[in-house]
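Note that these values count all heavy atoms, side chains included, but never hydrogens, waters or copies made by symmetry. For ligands, and for the atoms within them, numbers begin at 1 and follow the listed sequence.
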Amino acid sequence: MTDIKAALRAQHIETPSWAYGNSGTRFKVFAQKGVPRDPYEKLADAAQVHAYTGIAPTVALHIPWDKVDDYADLARHARELGVGIGAINSNVFQDDDYMLGSVTNPSARVRRKATDHLLECVDIMDATGSDTLKLWFSDGINYPGQDDIRARQDRLAESLAEVYDRLGEGQRFLLEYKLFEPAFYATDVPDWGTAYAHCVKLGPKAQVVVDTGHHAPGTNIEFIVAFLLREGKLGGFDFNSRFYADDDLMVGAADPFQLFRIMFEVVRGGGLDAEAGVAFMLDQCHNIEPKIPGQIRSVMNVQEATAKALLVDREALAAAQSEGDVLGANAVFMDAYNTDVRPLLAELREESGLAPDPMTAYAKSGYFEKIAAERVGGNQAGWGA
Ligand code: PSV
Ligand code: MN
């Protein structure tokens, strides 16, 4: 139990700045009270999530949504709030120029513009002290014959190589894949195999990030996790959950058992160890639920799944597996999943001087009432704004 508690104490989950802004679907973005109006206020909200959970000490930025004049000042502000800047997420999907793609666009001018943005993100890493660049490309085509699939791979490789060469000491990039959307026929980085192949070619500073919402229904995500960890190529997660496509719902809400299975492979593969360098990030939007509690709940969901994964009796499991005891092995696995870990986590928090229930503690803190009263006027931050 001491080992389990130590592992849980060391766990670090990163929240995304964009989860604190307004978000929605293409049908409607609902405004909520107290929503941040700039990146500084987003960091203040993220600091609340860390204050009550104790395990969310960094915040991912998305550029240009979090564009500021002075990034060093933003990083200083974060430190004063007790948090740090995590991954820098690039955005080459919201400019008119990118209609036919960014780094894979048939136009050399547009490709140059996109790659320059990625390089600018590395400058922001330098200024903020971030060690991770996250790359997601919306690039792809809608119609057979629209563009040359293979040439697009060449263009992608060329841009990635340029960004890779710009990375400094201790910096890396994570390449994210996604099956479809916004491209509907062929996406340029559609799956982990494509991302993996590009990363292997580039070298150790390039790794794959698994966004749990980016697969075809029924995909065995924990297999991908096990494989990438074994190869030293699992750079991190964008956690969220989904019922249909890339729903960006709270992680663990749709399928807590899947999250447990993923976390088991993480534990099994040594992915919780700091040296493994796996970044546990959330990539979610809270369209109808309040945002700060939505993030607190999500962090707790990952923590609960991790605790259950750590509880798996690995010796008993290995014994049953080597004896070919199918039902016995499955029972060991399910015993851990069916354990109520909430008392253990409450105890852990109290040992660290935190309230046992972060949701209640936050609700009672009066923070929401304060920001709802203070944050009037100005433009609320939003997904894509
Ligand atoms: C794309 O769907 C994605 O998962 C990428 O990580 C983007 O940066 C993010 O969503 C935007 O919310
Ligand atoms: Mn993502």
Side-chain angles (χ1 to χ4, degrees), residues 13-26 29 36 39 42 46 58-67 85-95 98 101-104 114 117-118 120-121 124-125 130 132-140 156 163 173-184 187-192 194-195 207-216 219 221 224-225 228 234-251 254 259 262 278-287 291 294-295 298 302 381-385:
I13 296 159
E14 181 163 310
T15 74
S17 70
W18 54 101
Y20 303 99
N22 284 323
S23 61
T25 64
R26 64 183 187 276
V29 173
K42 291 184 201 172
T58 57
V59 190
L61 300 183
H62 215 298
I63 310 297
W65 301 341
D66 295 316
K67 209 172 176 56
I85 304 297
I88 303 298
N89 286 252
S90 57
N91 183 329
V92 282
F93 51 87
Q94 280 185 314
D95 191 292
Y98 300 140
S102 64
V103 296
T104 67
H117 169 74
L118 306 182
E120 179 200 348
C121 287
I124 295 171
M125 291 166 71
S130 162
T132 300
L133 172 65
K134 180 133 60 72
L135 303 172
W136 174 66
F137 300 106
S138 58
D139 298 38
L156 171 67
V163 178
F173 72 57
L174 309 184
L175 182 56
E176 183 170 350
Y177 58 91
K178 178 172 171 175
L179 178 64
F180 83 103
E181 195 201 23
F184 292 122
T187 298
D188 294 321
V189 190
D191 51 30
W192 70 269
T194 308
Q207 292 179 303
V208 181
V209 55
V210 175
D211 183 313
T212 47
H214 288 187
H215 308 84
T219 299
I221 299 175
I224 300 170
V225 169
L228 290 175
L234 181 67
F237 289 95
D238 262 4
F239 277 129
N240 49 61
S241 67
R242 54 78 74 83
F243 287 97
Y244 298 101
D246 189 17
D247 304 350
D248 282 344
L249 298 174
M250 293 187 297
V251 57
L259 183 58
I262 290 171
V278 178
F280 298 90
M281 302 171 285
L282 305 181
D283 178 8
Q284 302 179 171
C285 294
H286 303 293
N287 299 350
K291 294 155 200 307
Q295 286 290 288
S298 307
V302 176
W383 182 91

Proximity winner for atom 5 (C) of ligand 1, if only heavy atoms of H214, H62, E176 are counted: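 Result: the heavy atom closest to atom 5 (C) of ligand 1 is in E176.
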Rounded to 10 degrees, the angle OD2 of D238 makes with OD2 of D283 at the Mn ion (ligand 2):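 Roughly 90°, rounded to 10°.
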Residue [X] vicinity, atoms of ligand 1 by number, heavy atom under 4.0 Å:
| X | value |
| --- | --- |
| D238 | 6 (O) |
| W18 | 12 (O) |
| K178 | 2 (O) |
| W136 | 1 (C), 5 (C), 7 (C) |

D246 and ligand 1 - part of the residue with a heavy-atom distance under 4.0 Å: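 The part of D246 near ligand 1 is the side chain, not the backbone.
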Nearest non-hydrogen protein atom, atom 10 (O) of ligand 1: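 It is D283 OD2, 3.2 Å.
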For atom 12 (O) of ligand 1, closest protein heavy-atom neighbour: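 Going atom by atom, the protein heavy atom closest to atom 12 (O) of ligand 1 ends up being W383 NE1, 3.2 Å.
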Atom of D211 closest to the Mn ion (ligand 2), considering N, O or S atoms: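 Of the nitrogen, oxygen and sulfur atoms in D211, the Mn ion (ligand 2) lies nearest to OD2.
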Atom name of the N, O or S atom in E176 that lies nearest to the Mn ion (ligand 2):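 Closest to the Mn ion (ligand 2) among those atoms: OE2.
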Qualifying residue, where the test is side-chain contact (heavy atoms from CB on, under 4.5 Å) with S17 and the options are I85, N89, V59: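 The side-chain contact (heavy atoms from CB on, under 4.5 Å) with S17 is passed solely by V59 among I85, N89, V59.
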With K291, the side-chain contact (heavy atoms from CB on, under 4.5 Å) member among K42, Q284, H286: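 The residue from K42, Q284, H286 that satisfies side-chain contact (heavy atoms from CB on, under 4.5 Å) with K291 turns out to be H286.
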Hey, is the main chain of [Y] close enough, under 3.5 Å, to the side chain of [X] for a donor-acceptor pair?
| X | Y | answer |
| --- | --- | --- |
| D139 | T104 | yes |
| T219 | I221 | no |
| Q295 | T15 | no |
| N240 | G213 | yes |

Heavy-atom side-chain contact between H117 and D95 under 4.5 Å: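 Result no, sub-4.5 Å side-chain heavy-atom pair not found.
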N-O pairing of K134 and D238 below 4.0 Å: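 So K134 pairs with D238 through a salt bridge.
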Sub-3.5 Å N/O-N/O distance, D211 and ligand 1: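 Checking ligand 1 against D211, an N or O pair does fall under 3.5 Å apart.
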